[in-house]
2 protein chains.
Amino acid sequence: MGSSSPNKRRYHHGGLSEALVQAGIDILTEGGIGQFTLRECARRVGVSHAAPKNHFPTVDHLKSEIGARGFEQMVRELAVAADAAAGQSADSRFIAMGIAYVRFATANPAAYQMMFRDQQGFACTPRFLEAAEAAWDQLEEAVAAVIGLDRPDVEARAAHAFALVHGFASLIIDGRLPPDLATDQVIAQSLESLPDALRGVGTA
Amino acid sequence: MGSSSPNKRRYHHGGLSEALVQAGIDILTEGGIGQFTLRECARRVGVSHAAPKNHFPTVDHLKSEIGARGFEQMVRELAVAADAAAGQSADSRFIAMGIAYVRFATANPAAYQMMFRDQQGFACTPRFLEAAEAAWDQLEEAVAAVIGLDRPDVEARAAHAFALVHGFASLIIDGRLPPDLATDQVIAQSLESLPDALRGVGTA
DNA sequence: ACAAAATATTTACAGCGTCAATATTTATGT
DNA sequence: ACATAAATATTGACGCTGTAAATATTTTGT
């Protein structure tokens, strides 16, 4: 023992990669995506600007890792929202998750962007892929609970629900909805019709 | 007459700003957003790297102008799609527009990104604001045609529809839907339930 | 204790957006 | 027509970025 970082006390810094991820999240939280820089992350941690190379071959790998944490936290928050609505109907629980989804995205816009854009170079970390898939699984389960467990088109219906909440999240983050719009209300109202739509009421 | 550019034949280049916009669009079409650079635009047009400054104080202003062209073309394409479905029901026309929307976005992903992201510095050109508002008006009209012209909540319903198609567009552009998913079919199916949802069937 | 592996630093490079100073062309007023 | 002002383009520089190579330092394994 005796390093700067508490848990993993090995090598020079003792957990630089984790420290870089945390510094990146801090930068994103404080200054948004425009402030995010590999060199700034290194500066915050107190290492040279080339030190990150040993842990992340490219800045996109660091971004990917930050996106992974975003997915992990989002899954946690959605689970909490679902639990909080445990007593209610499946539809209500589903709607509560949708609201929590948009709430998470708008509360952590920079992290959300790391989860969905900005890495079309696709330097996806294994952890990112796992976390993203876990989020997708959570979505599919939620959809299945609403449309019935034996439906063959869960994937397609999940994509439908995904598009709606992701659309709201993206539009709000980018400020592309009318400023006078009561966003929360609009989202809640839009989500209300979603379970029926997913079930295909009136479509056979 | 006697300049390099055909129409506006004045000053040194004779329409540099328009040429820069076109060069930018070309770069985006060919190489995507990662290749887009103010200096590369200048290079293509054959002017020095600082020449654009006289027309666009900042690279974001050029991006904004490119986004404006994106909105303008999109409005045109949606109008064409609506006309092509002129004989059908209002719902069918609306769905056709939604499909055309996603089609435009996925066919011009880089332009679409210039329309919706990447300028949170908000160096919005007047032309951008006008074009974006025209697109919004088109959306509201389409929604009004489906839910009824005298509804007070057109804006909220338009946001609902907007979120759905924008969500699909964004997810496809960023490659965030399962690769095996029959996207076109999923979108068509999701859009089918949208008119009823907008009308608030079963919600009073 | 020693060799090997892992980790950090230093230095360098090319590219970027932006700015200031300068040059050149076009437009304008008389 | 000509001088002058305005508009437009060039050159060179600055600080920033991500990345790479060479070097130094620390930790690990035996």
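Residue numbering restarts at 1 for every chain, and letters A, B, ... go by the order of the sequence lines.
At the phosphate of dG17(C), neither OP1 nor OP2 sits under 4.0 Å from any side-chain N or O atom of T58(B). A close approach under 4.0 Å does occur between a side-chain nitrogen or oxygen of R43(B) and OP1 or OP2 of dC16(C).
Here the C1' atom of nucleotide dC16(C) and the CG atom of D60(B) are 13 Å apart, to the nearest Å. As a whole-Å value, the separation of L38(B) CG from dT17(D) C1' is 16 Å. The separation between L16(A) atom CG and dT27(D) atom P is 14 Å, rounded to whole Å. Across the protein-nucleic acid pair, H61(B) atom NE2 and dG17(C) atom P stand 15 Å apart, rounded to whole Å. Whole-Å rounding puts the E40(A) CD to dG15(D) P distance at 18 Å.
For R103(A), the side-chain contact (heavy atoms from CB on, under 4.5 Å) partners are I99(A), not counting sequence neighbours. Residues passing the ring-ring contact (aromatic ring centres under 6.0 Å, His included) test with F71(A), sequence neighbours excluded: F116(A), F128(A). By the side-chain contact (heavy atoms from CB on, under 4.5 Å) test, H61(A) is found to be paired with F56(A), P57(A), T58(A), A123(A), residues two or more places apart in sequence or in another chain being considered. A96(A) is linked by a side-chain contact (heavy atoms from CB on, under 4.5 Å) to A85(A), counting only residues two or more places apart in sequence or in another chain. Applying the salt bridge (Lys or Arg N to Asp or Glu O under 4.0 Å) rule to R43(A) yields the partners E40(A); only residues at least two apart in sequence or on another chain are considered.
Atom CD of Q88(A) sits in a crowded spot, with more than 12 heavy atoms from other residues, nucleotides or ligands closer than 6.0 Å.
Listed nucleotides: dT7(C), dT18(C), dG17(C). Nearest to the side chain of T37(B): dG17(C). Comparing dA20(D), dT9(C), dT10(D) by their nearest atom to the side chain of K53(A) picks out dA20(D).
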With the criterion being N/O to N/O and under 3.5 Å, what pairs connect the protein with nucleotides 11-14 of chain D, and how long is each?
| residue | atom | partner | partner atom | Å |
| --- | --- | --- | --- | --- |
| dG12(D) | O6 | H49(B) | NE2 | 2.7 |

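A donor-acceptor contact under 3.5 angstrom links the side-chain atoms of N54(A) to the base of dA8(C).
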